Each structure stands twice: as C-alpha cells, then as structure tokens.
Amino acid sequence: MSEIDNFRQRVFHIIAAIPLGQVTTYGAVARMAGSPRAARQVGGVLKKLPPGSTLPWHRVVNRHGEISLQGEDFKRQRQALLAEGIIFAQGKIDLLKYGWQG
DNA sequence: CGGTTGACAGCCT
DNA sequence: AAGGCTGCCAACC
C-alpha cells in the first residue's frame, strides 16, 4: 500500500469524510486510522495542517464534545461549527446527536 | 538516532 | 460527579 501507509495521510482522509453538520472525536479518528491509542497524535497532525487546506478540521472535538483549542483558534472553530448548524449546550456538543462514527 | 512534545483519553482519587 | 495524574505514540528537533 502506498497511499494510506502514513498515519498523517490516513487522518486526512478520515477527517475529509466527516459529513457536514456532524463531528467526531480525536479518539474516534485515531481508531479509524488504525491506532486506537494515538488520539493525541491526531491533534498533533491537525496542528501542522498546511496553510490553505480545505480539510474540515473543525469537525474534530474531544470526547466531551468540547473544543480543545484556545484563544482565537477556539473562536474560529466554534464559529465554523455554528455555521454548519451545530448547537452548543453548556459549551458542549451533543455527541449522541451530532457524533459521527464513520 | 534518542529525547522532547502535546488539537487526547482513561483510570484513579 | 468533577478534577487530577498517567500512559500513549507519531512528529519534531
């Protein structure tokens, strides 16, 4: 295999498949990527996303349905999610309602 | 090539 | 139930 042998590439493809208006968790992406214990690395990959990427990285949140970013990045992600019709309750997203498992 | 880093998740208090 | 501590593992330096 040559296209999905990189963890980073697999993460890209998985996140690109998240339906608009839905979200998933770092842990879920890690599992789908074949590394169940690499949730933290998923964040590491997104942190260095190439500028101009169209990847819907904002559709990835932590297991509590909360945004793990801070400051401006936090506001940017929240705005992107609200724009897709995702509702925040108590600062959290209802994963049972918006969660995507693949 | 080995040590450090950190967009997390689980387990334990 | 809520917060704190520890393990994990790919990317970086």
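Below, chain A is the first sequence line, B the second, and so on; all start at residue 1. Nothing here was measured: the structure is a model prediction, and the numbers come from that model. Computed over heavy atoms, backbone and side chain alike; hydrogens, waters and symmetry mates excluded.
Judged by distance alone, with hydrogens and angles left aside, the side-chain atoms of Q41(A) form no donor-acceptor pair with the main-chain N or O of R8(A) at under 3.5 Å. Remark: the backbone N or O of A28(A) is paired with a side-chain donor or acceptor of T25(A) at under 3.5 angstrom. A side-chain donor-acceptor contact under 3.5 Å links N62(A) to the backbone of G65(A). Side-chain N or O atoms of S53(A) include one that pairs as donor or acceptor with a backbone N or O of L55(A) at under 3.5 Å.
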Contact pattern, 5' to 3', of nucleotides 3-9 of chain C - B, S or - by protein heavy atom under 4.0 Å: ----BBB
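In this structure, H64(A) atom NE2 and dA1(C) atom C1' are separated by 11 Å, rounded to whole Å. Whole-Å rounding puts the N62(A) CG to dG6(B) C1' distance at 14 Å. In this structure, the CG atom of L49(A) is 11 Å from the P atom of dC12(C), given to the nearest Å. Here the C1' atom of nucleotide dC8(B) and the CD1 atom of I67(A) are 15 Å apart, to the nearest Å. Rounded to an integer number of Å, the gap from R10(A) CZ to dA10(C) P is 9 Å. Rounded to an integer number of Å, the gap from K47(A) NZ to dT4(B) P is 17 Å. Here the P atom of nucleotide dG6(B) and the CZ atom of F7(A) are 17 Å apart, to the nearest Å.
For residues 59-70 of chain A, the pairs satisfying salt bridge (charged side-chain N to carboxylate O under 4.0 Å, His left out) are R59(A)-E84(A), with sequence neighbours left out.
Along DNA chain B, the nucleotide nearest R31(A) and the nucleotide nearest V42(A) are compared for position; the residue whose nucleotide lies closer to the 5' end is V42(A).
Under the rule for a side-chain contact (heavy atoms from CB on, under 4.5 Å), R40(A) has no partner lying at least two apart in sequence or in another chain.
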